[in-house]
Amino acid sequence: MSTMSRTFRFGLVLLAFQAYCGLPAAAADAPNFRDRLPQDEIIYFVLPDRFDNGDPSNDRGGLQGDRRITGYDPTSPAFYHGGDLRGLRERLDYIQGLGATAIWITPVFRNKTVQEHGPYLGSGFHGYWILDFTTVDPHLGTDADFHQLVDAAHARGMKVILDIVINHTADVIRYRECPAGNCPYRSRGDYPGQAYTPYLPAGEEHAKKPEWLNDPVWYHNRGDSTYEGESTTFGDFSGLDDLDTENPRVLQGFIEIYGDWIDRFGIDGYRIDTAKHVNAEFWQAFLPAILERAKARGIPNFHIFGEVATQDVDPALQAEHTRVDRFPAVLDFSFSAAMREALSGGGTRSLARVFDADSLYEGGAQAALGLPTFLGNHDDGRFAFRLKQLHPEYTAEQLLARMRLANAMLLTLRGVPVLYYGDEQGLVGSGNDNASRQDLFPSQVPSFRTEARLGPPHDPDAGSLDPRHPLYQQIAALARIRAAEPALRRGRQVLRADSMAPGLFAVSRFDPSSGREVVLAFNTSEQPVDMRFEVARASRQFNSLSGNCAAAVLEPASYRIELSARSWAVCAARP
Ligand SMILES: [Ca+2]
Ligand SMILES: [Ca+2]
Ligand SMILES: [Ca+2]
């Protein structure tokens with residue numbers, strides 16, 4: 001089928017669907033969502049198991065027995081809780097109302113239900129232990145449910161970005177030399193040939209799909225990564241079977257697998273897990289093939305962003321993966337690290353350094369506009385938790401004020417804002433990983449029910465999907481400003497003020513078509529600031545889009561800003 005007839009048929013189906021649902025006129029423009037650039041999006045990042053339960057009949061994934069069989073235990077943070085794709089679809093109003101234009105969903109593929117590694121016992125509720133790359137995990141629903149979710153999102157003009165894994169599969173392969181697991185890494189120097197003797201435990205010989213994935217010959221089989229040196233790409237991630245991504249068979253296999261999801265569902269992008277643990281040559285071939293596949297499916301702006309995880313401000317590391325691997329974008333971990341520093345009593349020099357390094361990315365500062373920025377995530381913990389960890393003495397009110405300031409920065413500074421689900425409900429959490437993956441539906445996990453939150457008192461039996469929450473309202477208001485102002489989505493950014501100590505951080509962004517300036521100013525300190533900084537000579541008068549903006553420059557090219565503690569202003573020059 002030609003691309004054109006495929007797109008045309010898709011359009012007809014969409015129109016019929018809209019007519020059927022009686023959607024408002026605005027939704028009739030929905031096909032335009034394909035034209036939106038990555039930098040126009042606001043992404044809501046969600047684990048479906050923890051969002052809402054739309055179908056209690058699938059909570060155990062069709063399995064029977066205790067949690068070691070079904071993976072279901074809604075009282076434990078490490079097991080399935082019952083949330084699913086239908087729950088997500090039925091709450092698209094909530095997500096769109098927040099201002100999100102795209103949803104990034106943790107891997108939906110069928111996982112190994114329960115896995116053990118050392119003392120850890122848990123389920124694949126997070127989706128990163130894939131056994132069958134061709135179908136939806138029955139705990140989350142069916143392929144039809146995923147179809148319905150994508151179609152419902154598209155009908156609203158929203159995009160769906162799927163989280164995918166290539167570095168490894170679930171942990172099935174064992175080694176004769178250490179059958180219990182926790183096998184130390186065996187280097188290529190010490191073991192130039194076979195490092196370990198791999199085998200498949202009885203009953204798991206055909207556990208993976210497609211079938212070729214069951215042959216240990218397509219894996220590195222060198223034992224656990226130490227996350228240093230060659231083991232970064234050749235080692236098993238805590239026992240997860242590390243694929244031989246240097247092999248052309250593996251490359252072709254994954255182009256087929258992930259090309260097929262684009263063909264079948266017409267999704268809008270991929271977030272690629274553990275990107276730095278796969279060799280560059282793999283990405284150099286895989287990424288263009290996937291973009292080509294998307295283009296052929298009528299998806300010209302398919303978003304791909306890789307996870308190159310770091311806890312430091314290290315933009316050069318991130319940029320390297322756009323230049324060598326050719327990732328169109330990578331998650332901006334440096335932004336996240338610099339924001340933690342800036343909002344926890346450090347200065348804003350690191351944040352300035354992050355943006356100064358934008359020229360290092362392939363495509364330079366223009367490409368950096370497409371980097372997904374975020375505050376916290378499902379691995380490192382929520383932003384509010386990280387601040388609390390650094391400053392246990394912060395009161396709830398102080399944390400809330402900082403969270404609000406951080407949201408204002410996330411939604412206006414350069415990059416594609418990623419909202420970690422639940423931050424809009426004031427969730428803080430008590431740690432990283434599973435402790436940061438709380439339920440938004442009424443939780444049965446004791447700690448999730450009782451842990452401290454930001455905002456008004458919370459009734460654990462009421463769940464956490466309340467659009468009236470002050471943080472939800474704040475994010476929605478900021479998202480409206482961003483959506484209405486091209487300078488905040490597509491505009492180049494120029495630094496105006498930063499400092500080694502808490503204080504004023506200011507930038508200007510410029511509307512790419514009109515050249516109009518929008519000034520962003522943030523006070524990260526506990527004291528008011530009253531400062532002057534440079535603006536464009538043509539910018540004489542300003543309107544406030546948010547916060548306290550002086551109506552005019554003091555003199556040409558000099559603008560004065562007065563901000564109370566932890567407040568911000570977004571000031572647009574009048575045309
Ligand atoms: Ca369910
Ligand atoms: Ca293994
Ligand atoms: Ca690897």
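For this chain, numbers begin at 1 and follow the sequence in order.
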inquiry  = Applying ring pair (Phe, Tyr, Trp, His ring centres under 6.0 Å) to His168 and Phe237, what does each step give before you reach the verdict?
reply    = CA-CA 8 Å; His168 51 257; Phe237 217 96; 5.7 Å; yes

ask   = Hey, which of Ile130, Leu243, Leu240 is the one that makes side chain to side chain contact (heavy atoms under 4.5 Å, CB included) with Thr169?
value =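 The option that passes is Leu243.
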
task = Going by the side chain to side chain contact (heavy atoms under 4.5 Å, CB included) test, name the single residue among Leu427, Val46, Leu375, Leu47 that passes it with Tyr420.
result =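 Looking at Leu427, Val46, Leu375, Leu47, the match for Tyr420 under the side chain to side chain contact (heavy atoms under 4.5 Å, CB included) is Leu47.
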
inquiry  = Regarding Arg34 and Asp268, does a basic nitrogen lie under 4.0 Å from an acidic carboxylate oxygen?
reply    =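 Answer for the salt bridge query: yes.
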
message = Check Asp137 with Arg110, please: is the shortest side-chain N to carboxylate O separation under 4.0 Å?
response =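 Salt bridge absent between Arg110 and Asp137.
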
key: side chain to side chain donor-acceptor pair (under 3.5 Å) partners for Tyr258, two or more places apart   =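 Tyr258: no side chain to side chain donor-acceptor pair (under 3.5 Å) contacts found.
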
query = For Thr322, what residues pass the side chain to side chain donor-acceptor pair (under 3.5 Å) criterion, not counting sequence neighbours?
reply =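 Applying side chain to side chain donor-acceptor pair (under 3.5 Å) to Thr322 gives none.
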
State yes or no: are the ring centers of [X] and [Y] separated by less than 6.0 Å?
X      : Y      : value
Tyr421 : Phe51  : no
Tyr270 : Phe302 : yes
His378 : Tyr128 : yes
Trp104 : Tyr44  : no
Phe265 : Phe146 : yes
Trp261 : Phe109 : yes

request  = Kindly write out the residues that satisfy salt bridge (Lys or Arg N to Asp or Glu O under 4.0 Å) with Arg489, not counting sequence neighbours, or none if the list is empty.
outcome  =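 So Arg489 forms a salt bridge (Lys or Arg N to Asp or Glu O under 4.0 Å) with Asp40.
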
message = Tell me every residue that passes salt bridge (Lys or Arg N to Asp or Glu O under 4.0 Å) with Asp145, counting only those two or more places apart in sequence or in another chain.
response =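 Partners of Asp145 under the salt bridge (Lys or Arg N to Asp or Glu O under 4.0 Å) test: none.
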
Any donor-acceptor pair under 3.5 Å linking the side-chain atoms of [Y] with those of [X]?
X      : Y      : result
Arg437 : Asn434 : yes
Glu534 : Tyr559 : no
Ser334 : Asp314 : no

Geometric cation-pi criterion Arg516 and Phe510, 6.0 Å radius, 45° cone =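 Ring-cation test returns no.
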
task = State whether Phe305 and Arg271 meet the cation-pi test: NZ (Lys) or CZ (Arg) under 6.0 Å from the six-membered ring centroid, and within 45° of the perpendicular axis.
result =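 Verdict for Phe305: no cation-pi partner in Arg271.
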
Shortest non-hydrogen contact between [X] and [Y], atoms and distance:
X      : Y      : value
Leu387 : Leu343 : CD2-O, 3.9 Å
Gly422 : Leu440 : CA-CD2, 3.8 Å
Leu98  : Ala479 : O-CB, 3.8 Å

task = Verify side-chain hydrogen bond (donor to acceptor under 3.5 Å, both in side chains) between Asn301 and Arg36, making sure each step is shown before the conclusion.
result = CA-CA 7 Å; Asn301 294 306; Arg36 280 204 312 268; over 6 Å; no

Short question: side chain of [X], backbone of [Y] - any donor-acceptor pair under 3.5 Å?
X      : Y      : value
Lys159 : Val150 : no
His277 : Thr233 : no
Gln473 : Pro467 : yes
His303 : Glu41  : no
Arg496 : Ala506 : no
Thr412 : Ala408 : yes
Ser359 : Gly364 : no
Asp332 : Phe335 : yes
Arg353 : Thr348 : no
Arg566 : Arg402 : no

How far does [atom1] of [X] sit from [atom2] of [Y], to the nearest 0.5 angstrom?
X      : Y      : atom1 : atom2 : result
Asp273 : His126 : CG    : NE2   : 10.5 Å
Trp283 : His321 : CH2   : NE2   : 10.5 Å
Ile103 : Ile42  : CD1   : CD1   : 13.5 Å
Arg492 : Ser508 : CZ    : OG    : 9.0 Å
Ile561 : Asn523 : CD1   : CG    : 10.5 Å
Ile95  : Ile43  : CD1   : CD1   : 13.0 Å

Are [X] and [Y] side-chain neighbours, meaning at least one heavy-atom pair lies under 4.5 Å?
X      : Y      : answer
Leu351 : Asp498 : no
Val108 : Leu85  : yes
Val570 : Val518 : yes
Pro107 : Ile164 : no
Asp260 : Thr134 : no
Thr373 : Val418 : no
Asp379 : Glu307 : yes

request  = Could you list the residues that satisfy side-chain contact (heavy atoms from CB on, under 4.5 Å) with Ala280, not counting sequence neighbours?
outcome  =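 For Ala280, the residues satisfying side-chain contact (heavy atoms from CB on, under 4.5 Å) (neighbours in sequence not counted) are Gln284, Val324, Asp325.
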
inquiry  = Just to verify, what does Leu251 make a side-chain contact (heavy atoms from CB on, under 4.5 Å) with, not counting sequence neighbours?
reply    =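 Result, side-chain contact (heavy atoms from CB on, under 4.5 Å) vs Leu251: Ile255, Phe282, Ala285, Phe286.
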
task = Applying side-chain hydrogen bond (donor to acceptor under 3.5 Å, both in side chains), run through Glu424 and Tyr94 and close with a yes or a no.
result = CA-CA 11 Å; Glu424 77 280 7; Tyr94 171 89; 2.6 Å; yes

key: From CA spacing to verdict: side chain to side chain contact (heavy atoms under 4.5 Å, CB included), Phe355, Leu495   = CA-CA 8 Å; Phe355 298 131; Leu495 181 69; 5.9 Å; no

request  = Please report the C-alpha distance between Arg382 and Ser436 in whole Å, then the side-chain angles of each, then the deciding distance to 0.1 Å, and finally whether the side-chain hydrogen bond (donor to acceptor under 3.5 Å, both in side chains) criterion is met.
outcome  = CA-CA 6 Å; Arg382 293 180 184 276; Ser436 64; 5.9 Å; no

inquiry  = Assess the residue pair Gln96 and Arg156 against the criterion (side-chain hydrogen bond (donor to acceptor under 3.5 Å, both in side chains)); give the C-alpha distance rounded to whole Å, side-chain angles, the decisive distance to 0.1 Å, and a yes or no.
reply    = CA-CA 8 Å; Gln96 193 167 33; Arg156 296 163 172 271; 2.8 Å; yes

